[in-house]
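Read the structure below first, then the notes.
Throughout, numbering of the chain's residues begins at 1 and tracks the sequence. Only a predicted model underlies this, so the values are computations on that prediction, with no experimental measurement involved.
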Amino acid sequence: MVNIYLDDVRTPLSPNNEWVEGVPEWTVVRSYDEFVAKVTEVGLENIELISLDHDLGESAMKEWHKNVYHNYTLDYNNITEKTGMDCTKWLVEQWMDGEPVCRVMVHSANAIGAANMMGYINNYKHINRLAQDCDRWQVPHTVEPPTWIG
């Protein structure tokens, strides 16, 4: 089983830098396109856990610094790249099309974006009488320089 970690700048640490059955503890993807490609390649039936970040690029980070952090508002019109919310919507669409439901957690520092993603996933699970178990958590990580910084 595979664990997928979506984040444009963080790389999760494994407690013992473990590989399980020849597979790293986390498969890291950095963007919406990488997320969709990896989930499609691996297959939802082979995914145990997905951990999502919300802000996946420069304009999303600017929105977080300008509005979310100081004003507690999030305006998706100010974000040009796809976010973790777009990944969430795509994932739920797959479930609605009959693909297996896997566990999803959110590790985003953006509390409003995290709440949006958790609410979307848990609403699907509620309607389908599944455990509403999408929560926010912290994953030990390192931070890589963003690819969008020169």
Side-chain angles (χ1 to χ4, degrees), residues 1-14 24-128 130-150:
M1 296 296 278
V2 174
N3 296 327
I4 294 180
Y5 186 91
L6 170 70
D7 201 298
D8 61 329
V9 296
R10 296 180 197 96
T11 299
L13 298 174
S14 169
E25 184 176 8
W26 290 104
T27 298
V28 178
V29 293
R30 301 289 186 195
S31 67
Y32 171 88
D33 291 335
E34 285 184 25
F35 176 79
V36 169
K38 184 55 70 176
V39 171
T40 301
E41 173 193 328
V42 171
L44 280 164
E45 68 277 6
N46 298 310
I47 297 174
E48 182 174 350
L49 173 65
I50 296 173
S51 187
L52 298 172
D53 182 26
H54 182 272
D55 302 335
L56 300 177
E58 184 175 11
S59 69
M61 286 303 300
K62 285 180 180 176
E63 176 64 12
W64 184 79
H65 284 286
K66 180 181 175 189
N67 287 321
V68 175
Y69 185 76
H70 297 289
N71 303 318
Y72 302 101
T73 62
L74 173 58
D75 185 349
Y76 284 99
N77 293 318
N78 295 329
I79 302 173
T80 57
E81 62 276 332
K82 294 202 175 200
T83 66
M85 187 67 196
D86 294 296
C87 295
T88 298
K89 289 177 179 179
W90 179 86
L91 184 61
V92 170
E93 284 177 19
Q94 305 315 298
W95 295 344
M96 291 172 67
D97 288 343
E99 292 294 326
V101 177
C102 61
R103 181 101 193 268
V104 179
M105 299 292 282
V106 176
H107 64 265
S108 181
N110 180 335
I112 296 171
N116 289 345
M117 293 187 298
M118 291 182 299
Y120 201 87
I121 288 168
N122 286 330
N123 185 63
Y124 172 85
K125 290 184 168 193
H126 170 73
I127 290 168
N128 290 280
L130 301 170
Q132 298 173 54
D133 57 0
C134 182
D135 290 315
R136 194 166 173 211
W137 69 335
Q138 292 185 351
V139 178
H141 62 272
T142 61
V143 177
E144 307 295 325
T147 57
W148 40 266
I149 291 182

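Judged by distance alone, with hydrogens and angles left aside, the side-chain atoms of D8 form a donor-acceptor pair with the main-chain N or O of G57 at under 3.5 Å. Checked by atom type and distance alone, the side chain of E25 never pairs as donor or acceptor with a backbone atom of N3 at under 3.5 Å. Without hydrogens or angle criteria, R103 side chain to S51 main chain gives no donor-acceptor distance under 3.5 Å. A donor-acceptor distance shorter than 3.5 angstrom exists from the side chain of S59 to the backbone of T80, with no hydrogens or angles considered. Proximity of a side-chain donor or acceptor of N123 to a complementary backbone N or O of G119 within less than 3.5 Å is not detected. With hydrogens and angles disregarded, no donor-acceptor distance shorter than 3.5 Å links the side chain of W137 to the backbone of M105. No side-chain donor-acceptor contact under 3.5 Å links R10 to the backbone of H141. When atom types are taken as modelled, the side chain of D7 and the backbone of V9 share a donor-acceptor pair closer than 3.5 angstrom. In terms of modelled atom types and a separation under 3.5 Å, the side chain of R136 and the main chain of A115 share no donor-acceptor contact. Between the side chain of D86 and the backbone N or O of K82, no donor-acceptor pair lies under 3.5 Å.
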**OP:** Show your working on salt bridge (Lys or Arg N to Asp or Glu O under 4.0 Å) between E58 and K62 and close with a plain yes or no.
**Re:** CA-CA 6 Å; E58 184 175 11; K62 285 180 180 176; 3.4 Å; yes
Please test N77 against E63 for side-chain contact (heavy atoms from CB on, under 4.5 Å), starting from the C-alpha separation and ending with a verdict. CA-CA 10 Å; N77 293 318; E63 176 64 12; over 6 Å; no
* Full working for side-chain contact (heavy atoms from CB on, under 4.5 Å) between V39 and L44 -> CA-CA 6 Å; V39 171; L44 280 164; 3.9 Å; yes
I'd like to know whether L52 forms a side-chain contact (heavy atoms from CB on, under 4.5 Å) with S108, so could you lay out the CA-CA distance, the side-chain angles of the two residues, the decisive distance to 0.1 Å, and finally the verdict. CA-CA 7 Å; L52 298 172; S108 181; over 6 Å; no
Would D53 and H107 satisfy side chain to side chain donor-acceptor pair (under 3.5 Å), going step by step from the backbone distance to the final call?
-> CA-CA 6 Å; D53 182 26; H107 64 265; 4.8 Å; no
- Which is it for F35 and T88 under the side-chain contact (heavy atoms from CB on, under 4.5 Å) test, yes or no, and what are the steps along the way? CA-CA 10 Å; F35 176 79; T88 298; over 6 Å; no
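Considering all non-hydrogen atoms of both residues, L6 and G84 come closest at CD2-CA, 4.1 Å.
The aromatic rings of W26 and Y5 sit perpendicular to each other, their planes meeting at more than 60°, with 30° as the lower class boundary.
Residues satisfying the ring pair (Phe, Tyr, Trp, His ring centres under 6.0 Å) test with Y32, not counting sequence neighbours, are none. With sequence neighbours left out, Y76 forms a side-chain contact (heavy atoms from CB on, under 4.5 Å) with H54, L74, I79, T83, M85, N116.
Heavy atoms from other residues, nucleotides or ligands lying under 6.0 Å from CD of E45 number more than 12.
Considering only heavy atoms from C-beta on, L49 stays 4.5 Å or farther from I4 through its side chain. Put simply, the side chain of V68 does not reach to within 4.5 Å of the side chain of T73, judged on heavy atoms. Between Y69 and I112 there is no side-chain heavy-atom pair separated by less than 4.5 Å. A 4.5 Å side-chain heavy-atom check between L56 and S31 finds every atom pair outside the cut-off.
Interatomic distance, CG of N78 versus NZ of K66, reported as 6.0 Å (0.5 Å rounding). A distance of 3.5 Å separates NZ in K125 from CG in D133, rounded to the nearest 0.5 Å.
Note on K38 versus E34: no salt bridge recorded, every NZ/NE/NH1/NH2 to OD/OE distance being 4.0 Å or above.
Of the options N122, I127, N128, a side-chain contact (heavy atoms from CB on, under 4.5 Å) to Y124 is made by N128 and by none of the others.
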